[in-house]
Amino acid sequence: MITINSKFPDTPTSIFTEMSQLAIQHSAINLGQGFPDYPMDPLPIQGVTKAMEDGYNQYAPSSGYLVLREKLAAKTLKEHGQSFDAQSEITITPGATNALFTAIATFIKENDEVLYFDPAYDSYRPSVIAVGGVPIAVPLSYPDFKLDIDLLKDKITPATKMIILNTPHNPTGVTITEAALLKLHDLLVGTNIILVCDEVYEHVIYDGQKHLSPLAYPQLRERTVSVHSFGKMFNCTGWKIGYIIADKHLTEEIRKVHQNNAFSTFSPAQMAIAEYMSDPDTYQRLAGFLQMKRDLLMQSLKDSPLKPLAVQGSYFQLYSYEGFSLMPEKEFAIWLNREAGVTGIPLSALCEQFGDHKLIRFCFAKQDETLKKAAKRLCRLGRSLHPPY
Ligand code: PMP
Ligand code: GLN
């Protein structure tokens, strides 16, 4: 047996894999991993079939089909008032997780420090470690989870080479304010720190808010690597297709990694999406659609001991069980899955420093019937169903 000197001795199996497996094992309703249980629009499915029939079955150009990148350039100009060159500043990737890894591998060398708010999407830390960097998780304040740039400011050292910002934020659902983005600009101007902005929930934003991207700020865009996912835009998380927008001088470097870790992305989906996204309503309707689901779950749980925290964007809402049970988050999530038949994600699984605040994350990107059924089960809490402590 060979001996492996693990690079990731403290990286557990992803909580999404673990909880989805538990959901299957206990036939629970899975509000854990973030994926819709309703069907995607059939149009892009037909588009993929057509693209295959039309012969788009070989490698796409490494940075993606130009027809798709041109659509993305036009969209970005319209939404953020900034013009990006489709040829040299937009790259199609096999999903956002891959795009994030590519960005990190491109710019982070041994012992470089990467800052990100804690809690966080769980790929950031292992991706930084994989390339020899040092992940620095910066805990958000509780209970407001404000994306507060002053928290980052205190952690910047000469070794800081990258900040990863995620807005709307998974798992808290908070969004960045204009004042915070301007503060970030002031903090970074004159430094060589790269800003990776994970914007996968850009169209999943509620209560009339508008998504703010650092791409919109000329002095921030020169250092910004903006990461997106079509999985979230078009209810097809399993398609694993996304893209990166970054100024030419950044994209040139990014493509040196992209061409060697992916080379290119699934051809037929690129053609189908390019056609489908001509109508902006295909992604603009997402916010209203999901806001109704957020509100349905909240309303259906109002008589339960689970108390919702405010959410401004994303697929997720945190619910507090403080005062109802003393169980630690992970234990509570496993108990809830087994006894109540509803799966959530314990917040602590997405935290490094943040601590255990008795919070569980539910994904409400589900059919109304699924949400109602889950809520019915959860309303048994404190009535016919009691936690051990
Ligand atoms: N970033 C965040 C914040 C996410 O929640 C996710 C999961 N959807 C991703 C990135 C990864 O997206 P993809 O499925 O396109 O890899
Ligand atoms: N982004 C999704 C979530 O937070 C899941 C991604 C994954 O399974 N890796 O639930």
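All values below come from the heavy atoms of this structure, side chains included, with hydrogens, waters and symmetry mates left out. Whatever order the structure lists ligands and atoms in, that order sets their numbers, starting from 1.
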Subject >> side-chain contact (heavy atoms from CB on, under 4.5 Å) partners of Leu296, counting only residues at least two apart >> reply: Ser300, Asp368, Leu371, Lys372
Original post:
Where's the contact between Val200 and ligand 1, heavy-atom distance under 4.0 Å: side chain, backbone, both or neither?
Top reply: side chain
**OP:** Below 4.0 angstrom from a heavy atom of Lys240, which ligand 1 atoms are there? Numbered from 1 as shown, please.
**Re:** 13 (P), 14 (O), 16 (O)
Original post:
Is there a nitrogen or oxygen of Gly32 sitting under 3.5 Å from a nitrogen or oxygen of ligand 2?
Top reply: no
Subject >> Polar proximity ligand 2 side, Asn170 side, N/O cut 3.5 Å exclusive >> reply: yes
Original post:
How close does the nearest protein non-hydrogen atom get to atom 12 (O) of ligand 1, and which residue and atom is it?
Top reply: Ala96 CB, 3.4 Å
Original post:
Which of the numbered atoms in ligand 1 are below 4.0 angstrom from a heavy atom of Asn166?
Top reply: 3 (C)
**OP:** List every atom of ligand 1 that sits less than 4.0 Å from any heavy atom of Lys232, numbering the atoms from 1 in the order shown and giving each element.
**Re:** 6 (C), 7 (C), 8 (N)
Subject >> Options Tyr315, Tyr121, Phe35, Phe101, ranked by nearest heavy atom to atom 6 (C) of ligand 1, top entry >> reply: Tyr121
Original post:
Hey, does Asn98 have a side-chain heavy atom less than 4.5 Å from the side chain of Lys240?
Top reply: no
Original post:
Applying a 4.0 Å heavy-atom criterion (strictly less than), which segment of His169 is in contact with ligand 1: side chain, backbone, both, or neither?
Top reply: neither
Original post:
Counting both backbone and side chain atoms, is some N or O of Tyr201 under 3.5 Å from an N or O of ligand 1?
Top reply: yes
Subject >> Subset of ligand 1 atoms that lie under 4.0 Å from at least one heavy atom of Asn170 >> reply: 3 (C), 4 (C), 5 (O)
